[in-house]
Amino acid sequence: QLQLVESGGGSVQPGGSLRLSCAASGLTSDYHAIGWFRQVPGKGRQGVSAISGSGGSTNYAASVKGRFSISRDIAKNTVYLQMNNLKPEDTAVYYCAAEPWSGTVVADLFLRADEYRYWGQGTQVTVSS
């Protein structure tokens, strides 16, 4: 059973930085696409970023491009989301998700929540002065 655990959320002031981690266990294959999503009350989950199994391909939502960076440590089965220059509108619960996939290029569809079967429990990020 694949399990995902997010960590690293917290409260920061605008312009600050946070690094989220998504630790995976129980992987059934060497390759999983991993996505980061966020959700605010009353709205659906918004795709933030995604990374291929090898880490060689990444994708970002337009709203975070240039500020957020996704990476993965294959040996540690962990994916990171480095978030810089945070804005109040980045406030949300952040989730990581996984889907077995051996492709090499993470297209925009991997920013869609319905592409993923496995989800973590989420971590709160609050950006406020």
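Values below: all heavy atoms of this structure, side chains included; hydrogens, waters and symmetry mates excluded.
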**Request:** Flag the pair Thr91 / Val40 as yes when at least one side-chain heavy-atom distance between them is below 4.5 Å, and no otherwise.
**Result:** no
**Separation between CG of Asn59 and OG of Ser57, rounded to the nearest 0.5 Å** = 7.0 Å
**Complete:** For Ile51, the other hydrophobic cluster members (4.5 Å side-chain criterion, sorted by chain and number) are Val12, Leu18, Leu20, Ile34, Trp36, Val48, Tyr60, Val64, Phe68, Ile70, Val79, Leu81, Met83, Leu86, Tyr94, Val125, Val127
**Item:** Any Ser128 side-chain heavy atom under 4.5 Å of Ser11 side chain
**Value:** no
**Asked** If only atom types and distance count, is the side chain of Ser102 paired as donor or acceptor with the main-chain N or O of Tyr31 below 3.5 Å?
**Response** no
**Request:** Verify, without hydrogens or angle tests, whether Gln13 (side chain) and Ser129 (backbone) share a donor-acceptor contact under 3.5 angstrom.
**Result:** no
**Complete:** Scanning both residues in full, the closest heavy-atom pair of Ala98 with Leu2 reads CB-CD2, 4.2 Å
**Prompt:** Can you tell me if Glu115 uses its side chain to pair, donor with acceptor, with the backbone of Leu109 under 3.5 Å?
**Reply:** no
**Distance-minimising heavy-atom pair for Gly47 and Ala61** = O-CB, 3.3 Å
**Asked** What closest approach, in Å, do Pro100 and Tyr118 show between heavy atoms, and which atom pair accounts for it?
**Response** CD-CE1, 3.9 Å
**Request:** State whether the side chain of Gln121 and the backbone N or O of Val5 hold a donor-acceptor pair below 3.5 Å, judged by distance alone.
**Result:** no
**Item:** Euclidean distance, Asp114 CG relative to Glu99 CD, rounded to 0.5 Å
**Value:** 10.5 Å
**Fill in**
All heavy atoms of Ala33 vs all of Trp101, minimum pair found to be CB-CE3, 3.8 Å
**Message:** Please identify which of these residues, Gln124, Arg45, Glu6, meets the side chain to side chain contact (heavy atoms under 4.5 Å, CB included) condition with Val93.
**Reply:** Gln124
**Request:** Give a yes or no answer on whether the side chain of Tyr116 reaches the backbone of Phe110 with a donor-acceptor pair at less than 3.5 Å.
**Result:** yes
**Message:** For a quick check under 3.5 Å, do Gln46 and Arg38 share a side-chain donor-acceptor pair by atom type?
**Reply:** yes
**Complete:** Residues pairing under salt bridge (charged side-chain N to carboxylate O under 4.0 Å, His left out) where one sits in residues 50-69, two or more places apart or in two chains, turn out to be Arg67-Asp90
**Request:** Write down the atom of Gly53, the atom of Ile74, and the distance for their closest heavy-atom approach.
**Result:** O-CD1, 3.8 Å
**Request:** Anything under 30° is parallel, anything over 60° is perpendicular, the rest tilted; go ahead and classify Trp119 against Phe37.
**Result:** tilted
**Prompt:** Does Ser21 reach the main-chain N or O of Ser7 with its side chain, forming a donor-acceptor pair under 3.5 Å?
**Reply:** no
**Message:** For the backbone of Ser52 and the side chain of Arg72, can you confirm whether one donor and one acceptor N or O come within less than 3.5 Å of each other?
**Reply:** yes
